[in-house]
Amino acid sequence: MLTINLIREKKEFIIERLKVKNFEAEEIINRILALDSSRREIQSKTDLMQAEMNRISKEVGSLMKDGKRDEAEAAKGKTYSLKEDIKSLSDKLIPIDNDLKNEIIRLPNLPHESVAPGHGADDNVKVREGGVMPLLYDSALPHWDLIKKYDIIDFDLGIKLTGAGFPVYLGKGAKLQRALISFFLDEGEKAGYREVMPPIMVNEESGFGTGQLPDKEGQMYHATIDNFYLIPTAEVPVTNIYRDVILNADMLPFKNIAYTPCFRREAGSWGAHVRGLNRLHQFDKVEIVQIAHPDHSYKSLENMVSHVEGLVSKLDLPYRILRLCGGDMSFTSALTYDFEVWSAAQKRWLEVSSVSNFESFQANRLKCRFKEKGDKQTRLVHTLNGSALALPRIVAAILENNQTESGIKIPSVLIPYTGFDMIN
RNA sequence: GGAGAGAUGGCAGAGUGGUCGAAUGCGGCGGUCUCGAAAACCGUUGUUCGCCUUCCGGCGAACCGGGGGUUCGAAUCCCCCUCUCUCCGCCA
């Protein structure tokens, strides 16, 4: 969420910037500013009355000690009406605080200055592309047929065990998953990331910290008996490691990498283009998360983009990098690069990674702050994350792009991990 | 699942109704000493909100797991909730 200070100081600027995300902020901001000023007015008044109250109470105490009972009683008498006034004023403050918080939470993050306006995928800006698109032979198959042909992923079995969108990986299919996870983690470690294996269920506070709650409640699986949520991405537990802390500036940036299964209900989003591995309820992903100094967070973002680019290049997948336009960006992001790989049999680009700088938007929710050495004041950190990488669509692309009449070739960087070079 | 104990500052740990934002120790930071370091000694050390201050900062309020209550006054007393630990049971 945006900070109240920024809203107070840069109202017009915020309204302008949010237009890039096609968000009309003026009305909300006016409400926020009105709530904020009445909040401050009440705060000032109650502070004064409370100070008076404290003064009298101390007086009563010392009078009692001196044995001046009558004077103490007289002083007590002065507090009764004061006490009521404080109570009624501070009761007014509670709904104002709540309303204020609820309004502020509705404002999306400001897009970075480099973000282009736009309404959807067509307005995204292609930054660069790489790799070579394969030319497939005539009888080439989409991945949902390939997985049956080679018996490496079974959707029907998943339906039996759980339901649609929960595939079962078998034999070389399962081994390929494990190989990709290990490859991604090892590459991350080489790039200076610390490996983390977090819980894959989180509590409500964590869900709020990264912005999944309250807005996207319906997108997460909810274990209601214990009120835990299955994570939709490792971003949630890993970023929440830094919830409610004050860090030293010289420790930044923190670079963590985590493999987790991810769970998404994807309520209402099933339809065209979601066959096979394109969209699942449970899938595997390796995520990179950075906690960065605000002065250097865009440097971190560039590093993360290069890291992910290195991964898709090493896997020999044709890819392109897009800078998302305002209309296609998430609520919480300031700048997002999407990575897409070419799926040769589907003849489509598939999104495999989304790398974002959230600036202080998540940090403000998380209360993740830092201090410069010798400095008294705290500042909010910047948080960033990106997939490095999500498995299913990578698998889809590998299967489709690398198919030959005699089987599917495993990218050479993965062979040490799989122990085989062909699926056949 | 059963029984019990507990939750205090970065950590450990005192504090059972009044100058307690909180002793003490450790850690951190600054200094003295030293060629330098260690030790020793001295000083300093939380967060949030509001008001004032062009900076440095000053004043006030709140915060001792969370919420409510009693009281002139609550870390301390009462109620509710959450969480943690120990023992027993079960168990990869």
Side-chain angles (χ1 to χ4, degrees), chain A residues 1-9 32-101 103-105 197 199-209 213 222-229 237 240-252 254 261 291 360 363-381:
Chain A
M1 63 188 178
L2 300 177
T3 63
I4 186 69
N5 283 335
L6 188 75
I7 299 171
R8 264 184 222 147
E9 286 161 21
I32 289 171
L33 291 175
L35 286 165
D36 180 53
S37 77
S38 49
R39 192 196 118 250
R40 286 193 287 166
E41 195 187 322
I42 294 174
Q43 177 84 52
S44 297
K45 280 187 190 163
T46 49
D47 280 2
L48 280 175
M49 288 194 271
Q50 198 58 251
E52 174 69 2
M53 192 74 176
N54 290 345
R55 195 189 59 74
I56 296 174
S57 292
K58 279 185 183 173
E59 197 179 300
V60 172
S62 61
L63 287 171
M64 288 292 213
K65 212 172 268 176
D66 297 346
K68 298 174 181 167
R69 215 155 256 280
D70 295 344
E71 286 177 54
E73 286 302 323
K76 268 195 207 179
K78 288 191 280 187
T79 64
Y80 300 133
S81 67
L82 191 56
K83 200 177 170 184
E84 271 176 39
D85 292 347
I86 292 172
K87 176 90 174 113
S88 70
L89 251 192
S90 54
D91 280 351
K92 278 189 201 163
L93 206 55
I94 296 166
I96 290 176
D97 272 338
N98 285 336
D99 291 351
L100 188 58
K101 196 182 170 196
E103 292 288 352
I104 292 178
I105 281 179
M197 193 176 268
I200 58 173
M201 285 187 164
V202 294
N203 59 28
E204 231 176 314
E205 289 75 30
S206 296
F208 179 83
L213 294 175
H222 189 188
T224 51
I225 293 178
D226 294 298
N227 199 24
F228 295 151
Y229 291 87
N240 271 281
I241 291 172
Y242 302 94
R243 167 154 51 84
D244 213 10
V245 294
I246 300 172
L247 305 162
N248 292 328
D250 55 17
M251 299 165 86
L252 301 171
F254 287 94
I291 307 295
S360 60
N364 194 28
R365 283 182 164 229
L366 290 161
K367 293 200 179 64
C368 179
R369 296 146 295 171
F370 74 98
K371 264 189 203 179
E372 298 289 353
K373 197 171 180 173
D375 223 337
K376 273 206 161 178
Q377 67 169 23
T378 61
R379 293 168 65 193
L380 293 168
V381 300

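A, B, ... follow the sequence lines: proteins, then strands. Residue 1 opens every chain. Since the structure is predicted, the reported quantities are computational estimates derived from the model, not experimental observations.
- Distance NZ (A:Lys101) to P (B:C49): 14 Å, rounded to an integer number of Å.
- B:G4 sits 16 Å from B:C81 when the P atoms are compared, rounded to a whole Å.
- Across the strands present, B:U19 finds no partner; the criterion is a Watson-Crick or G-U wobble pair with both atom distances under 3.5 angstrom.
- By the side chain to side chain donor-acceptor pair (under 3.5 Å) test, A:Glu103 pairs with A:Arg31, A:Arg106, sequence neighbours left out.
- Checking B:C11 for Watson-Crick or G-U wobble geometry (two distances, each under 3.5 Å) identifies B:G25 as its partner.
- Distance noted for atom C1' between B:U24 and B:G13: 8 Å (whole Å).
- Using a 4.5 Å heavy-atom threshold, the side chains of A:Tyr229 and A:Leu213 count as touching.
- Annotation: side chain of A:Met49 is not in contact with side chain of A:Glu52 (no heavy-atom distance under 4.5 Å).
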Please write out each protein N/O paired with an N/O of nucleotides 70-74 of chain B under 3.5 Å, distance rounded to 0.1 Å.
unit_1	atom_1	unit_2	atom_2	d
B:C72	O2'	A:Ser57	OG	3.0
B:G73	OP2	A:Lys83	NZ	3.3
B:G73	O4'	A:Ser57	OG	3.3

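- Expressed to the nearest 0.5 Å, how far CG of A:Leu366 lies from OG of A:Ser360 amounts to 11.0 Å.
- OP1 or OP2 of B:G69 sits under 4.0 Å from a side-chain N or O of A:Lys87.
- Regarding A:Asp91, its CG atom lies at a distance of 15 Å from the P atom of B:G67, rounded to whole Å.
- Salt bridge annotation for A:Glu73-A:Arg69: absent, with no cationic side-chain nitrogen under 4.0 angstrom from a carboxylate oxygen.
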Stepwise side-chain contact (heavy atoms from CB on, under 4.5 Å) test for A:Asn227 and A:Asn203: CA-CA 7 Å; A:Asn227 199 24; A:Asn203 59 28; over 6 Å; no
Under the criterion side-chain contact (heavy atoms from CB on, under 4.5 Å), I'd like the reasoning laid out for A:Asn364 against A:Leu2: C-alpha separation, chi angles, the key distance, then a yes or no. CA-CA 7 Å; A:Asn364 194 28; A:Leu2 300 177; 5.9 Å; no
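- To the nearest angstrom, P of B:G50 lies 17 Å from CE of A:Met49.
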List every contact pair, protein side and nucleotides 61-63 of chain B side both N or O, where the distance is under 3.5 Å.
unit_1	atom_1	unit_2	atom_2	d
B:A61	OP1	A:Asn54	ND2	3.1
B:A61	O2'	A:Asp47	OD1	3.2
B:A62	OP2	A:Asn54	ND2	3.4

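- Spacing between atom CZ of A:Arg243 and atom P of B:U47 amounts to 20 Å, rounded to whole angstrom units.
- Only the C1' atoms considered, B:U53 is 38 Å distant from B:G15, to the nearest whole Å.
- Within the structure, every side-chain polar atom (N or O) of A:Arg39 is placed at least 4.0 Å from both OP1 and OP2 of B:C49.
- Of the inter-residue distances, the one linking A:Ile104 atom CD1 with A:Asp99 atom CG reads 11.0 Å to the nearest 0.5 angstrom.
- Annotation: the span from A:Ile32 atom CD1 to A:Ile4 atom CD1 amounts to 6.0 Å, rounded to 0.5 Å.
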Nucleotide N/O to protein N/O under 3.5 Å, stretch nucleotides 57-59 of chain B:
none

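- Partner assigned to B:C49 is B:G60, using Watson-Crick or G-U wobble distances below 3.5 angstrom.
- Checking side-chain atoms of A:Ser38 against main-chain N and O of A:Ala34 turns up a donor-acceptor pair under 3.5 Å.
- The gap from the P atom of B:C41 to that of B:G25 amounts to 10 Å, rounded to the nearest Å.
- In terms of the side chain to side chain donor-acceptor pair (under 3.5 Å) criterion, residue partners of A:Arg8 (sequence neighbours excluded) are, by chain and number, A:Asn5, A:Asp36.
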Apply side-chain contact (heavy atoms from CB on, under 4.5 Å) to residues A:Val381 and A:Tyr242 and explain how you reach the verdict. CA-CA 10 Å; A:Val381 300; A:Tyr242 302 94; over 6 Å; no
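- Using C1' as the reference atom, B:A62 and B:C90 are 46 Å apart when rounded to the nearest Å.
- Neither OP1 nor OP2 of B:G60 sits under 4.0 Å from any side-chain N or O of A:Arg40.
- Across all strands shown, the partner of B:C83 is B:G6, judged by Watson-Crick or G-U wobble contacts whose two distances both fall under 3.5 Å.
- In this structure, the CD1 atom of A:Ile42 is 13 Å from the P atom of B:G50, given to the nearest Å.
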Compile the donor-acceptor pairs under 3.5 Å between side chains in residues 243-251 of chain A and protein atoms, sequence neighbours left out, one pair per line.
unit_1	atom_1	unit_2	atom_2	d
A:Arg243	NE	A:Asn240	OD1	2.8
A:Arg243	NH2	A:Ser206	OG	2.9

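- Using a 4.0 Å heavy-atom cutoff across all strands shown, A:Arg69 reaches no nucleic acid atom at all.
- Taking the P atom of each, B:G73 and B:C80 are spaced 23 Å apart, rounded to whole Å.
- Summarising the base pairing, B:G1 is matched to B:C88 through a Watson-Crick or G-U wobble pair whose two defining distances lie under 3.5 Å.
- Distance, A:Glu204 CD to B:C81 P: 18 Å, rounded to whole Å.
- A close approach under 4.0 Å does not occur between any side-chain nitrogen or oxygen of A:Lys45 and OP1 or OP2 of B:C51.
- When both pairing distances are held under 3.5 Å, B:U32 makes a Watson-Crick or G-U pair with B:A40.
- Atom P of nucleotide B:G50 and atom CG of A:Leu93 are separated by 11 Å, given to the nearest angstrom.
- Taking atom P in both B:G18 and B:G27, the straight-line distance is 33 Å, to the nearest Å.
- Residue A:Arg369 contributes atom CZ, which lies 14 Å from atom P of B:G46 at whole-angstrom precision.
- Side chains of A:Leu89 and A:Leu93 form no contact here, defined as non-hydrogen atoms less than 4.5 Å apart.
- Using C1' as the reference atom, B:G66 and B:A75 are 15 Å apart when rounded to the nearest Å.
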